[in-house]
Amino acid sequence: QVQLVESGGGLVQAGDSLRLSCVASGRTFGNYVMNWFRQAPGKEREFVARIFRSGTSTEYADSVKGRFTISRDNAKNTAYLQMNSLKPEDTAVYYCAAGGYSSSRSRWEYDYWGQGTQVTVSS
């Protein structure tokens, strides 16, 4: 069983920065691909970024490339999302998720989710 807790959200102005944290309980944090998603009111949940087990490979949604950076510290059971040059359209609840890619199903699977943290960016 893995539990994830996000923190670091808040209210900022356009152009500001925030760093989100996702702290995981459990003994096998390093075995999971860590992901960030976000969901704005009235919108579908959107993939933001993921970081692989070693921390050497990352993927980002086009909307955040060049502005957001995902990282992880396996020794601290923590994943991060550094968000720079924030825009009003980044406003959403941000969730972290732990999972991996299923080759047999040809899809990503997310086994654990955090409760979310609100990010609001004013114009």
Side-chain angles (χ1 to χ4, degrees):
Q1 183 70 26
V2 175
Q3 295 181 340
L4 307 174
V5 180
E6 303 98 332
S7 63
L11 174 63
V12 298
Q13 294 183 337
D16 286 352
S17 298
L18 282 174
R19 189 178 76 160
L20 306 183
S21 298
C22 174
V23 180
S25 65
R27 304 169 63 185
T28 57
F29 175 81
N31 292 331
Y32 291 94
V33 178
M34 296 301 299
N35 309 263
W36 288 96
F37 289 82
R38 65 188 183 186
Q39 187 167 22
K43 303 293 184 180
E44 296 294 320
R45 185 177 60 196
E46 176 189 20
F47 167 78
V48 176
R50 64 170 57 94
I51 184 166
F52 291 85
R53 295 162 64 187
S54 68
T56 59
S57 295
T58 58
E59 295 180 0
Y60 297 92
D62 288 342
S63 59
V64 306
K65 285 181 180 177
R67 299 188 298 119
F68 290 10
T69 303
I70 188 171
S71 60
R72 67 190 296 163
D73 186 339
N74 289 346
K76 296 181 178 179
N77 283 3
T78 303
Y80 304 94
L81 185 68
Q82 178 67 44
M83 305 184 295
N84 298 328
S85 301
L86 282 162
K87 304 175 181 179
E89 52 262 44
D90 295 319
T91 295
V93 176
Y94 283 71
Y95 301 90
C96 66
Y101 186 77
S102 173
S103 296
S104 62
R105 296 175 175 83
S106 297
R107 69 185 186 191
W108 287 95
E109 296 182 346
Y110 305 101
D111 299 319
Y112 305 99
W113 292 84
Q115 84 289 348
T117 185
Q118 177 71 47
V119 173
T120 303
V121 184
S122 63
S123 60

For a quick test of reading the model, state the closest non-hydrogen atom pair linking [X] to [Y] and the distance between them.
X	Y	answer
Q118	A92	NE2-O, 3.4 Å
A24	L4	CB-CD2, 3.4 Å
A49	Y60	CB-CD2, 3.6 Å
S85	S17	N-OG, 4.2 Å
I51	T58	CG1-CG2, 3.8 Å
R72	R53	NH1-CA, 3.7 Å

Taking C-beta and beyond as the side chain, do [X] and [Y] meet within less than 4.5 Å on heavy atoms?
X	Y	answer
V2	F29	no
F68	L86	yes
E46	S63	yes

For this session: Measure the CG-OG1 distance between L81 and T117 for me, rounded to the nearest 0.5 Å.
Result: 11.0 Å

Problem set entry | Distance, nearest 0.5 Å, that separates CD of Q115 from SG of C96 | 7.5 Å

Side-chain donor/acceptor of [X] to backbone N/O of [Y], under 3.5 Å:
X	Y	answer
S25	Q3	yes
D73	T78	no
T91	V121	yes

For this session: Using side chain to side chain contact (heavy atoms under 4.5 Å, CB included) as the criterion, point out the one residue from R38, E6, Q39 that pairs with Y94.
Result: R38

For this session: Step by step, work out the side-chain contact (heavy atoms from CB on, under 4.5 Å) result for L20 and M83.
Result: CA-CA 8 Å; L20 306 183; M83 305 184 295; 3.7 Å; yes

Exercise. How about E89: does its CD atom have over 12 heavy atoms from other parts shown lying under 6.0 Å from it?
Worked result: yes

For this session: Check the pair F37, Y110 against side-chain contact (heavy atoms from CB on, under 4.5 Å), reporting the backbone distance first and the verdict last.
Result: CA-CA 11 Å; F37 289 82; Y110 305 101; 3.4 Å; yes

Problem set entry | Geometric class of the W113/Y95 ring pair [parallel <30°, tilted 30-60°, perpendicular >60°] | perpendicular

Exercise. Angle class for the Y112/Y32 ring planes (parallel below 30°, perpendicular above 60°, tilted otherwise)?
Worked result: perpendicular

Exercise. Using 4.0 Å as the upper bound for N to carboxylate O, is an ion pair formed by K87 and D90?
Worked result: no

For this session: Tell me, with the steps shown, if V33 and Y101 meet side-chain contact (heavy atoms from CB on, under 4.5 Å).
Result: CA-CA 8 Å; V33 178; Y101 186 77; over 6 Å; no

For this session: Would you kindly confirm whether V64 and F52 end up in one hydrophobic cluster when ILVMFWY residues are joined by side chain heavy atoms under 4.5 Å apart?
Result: no

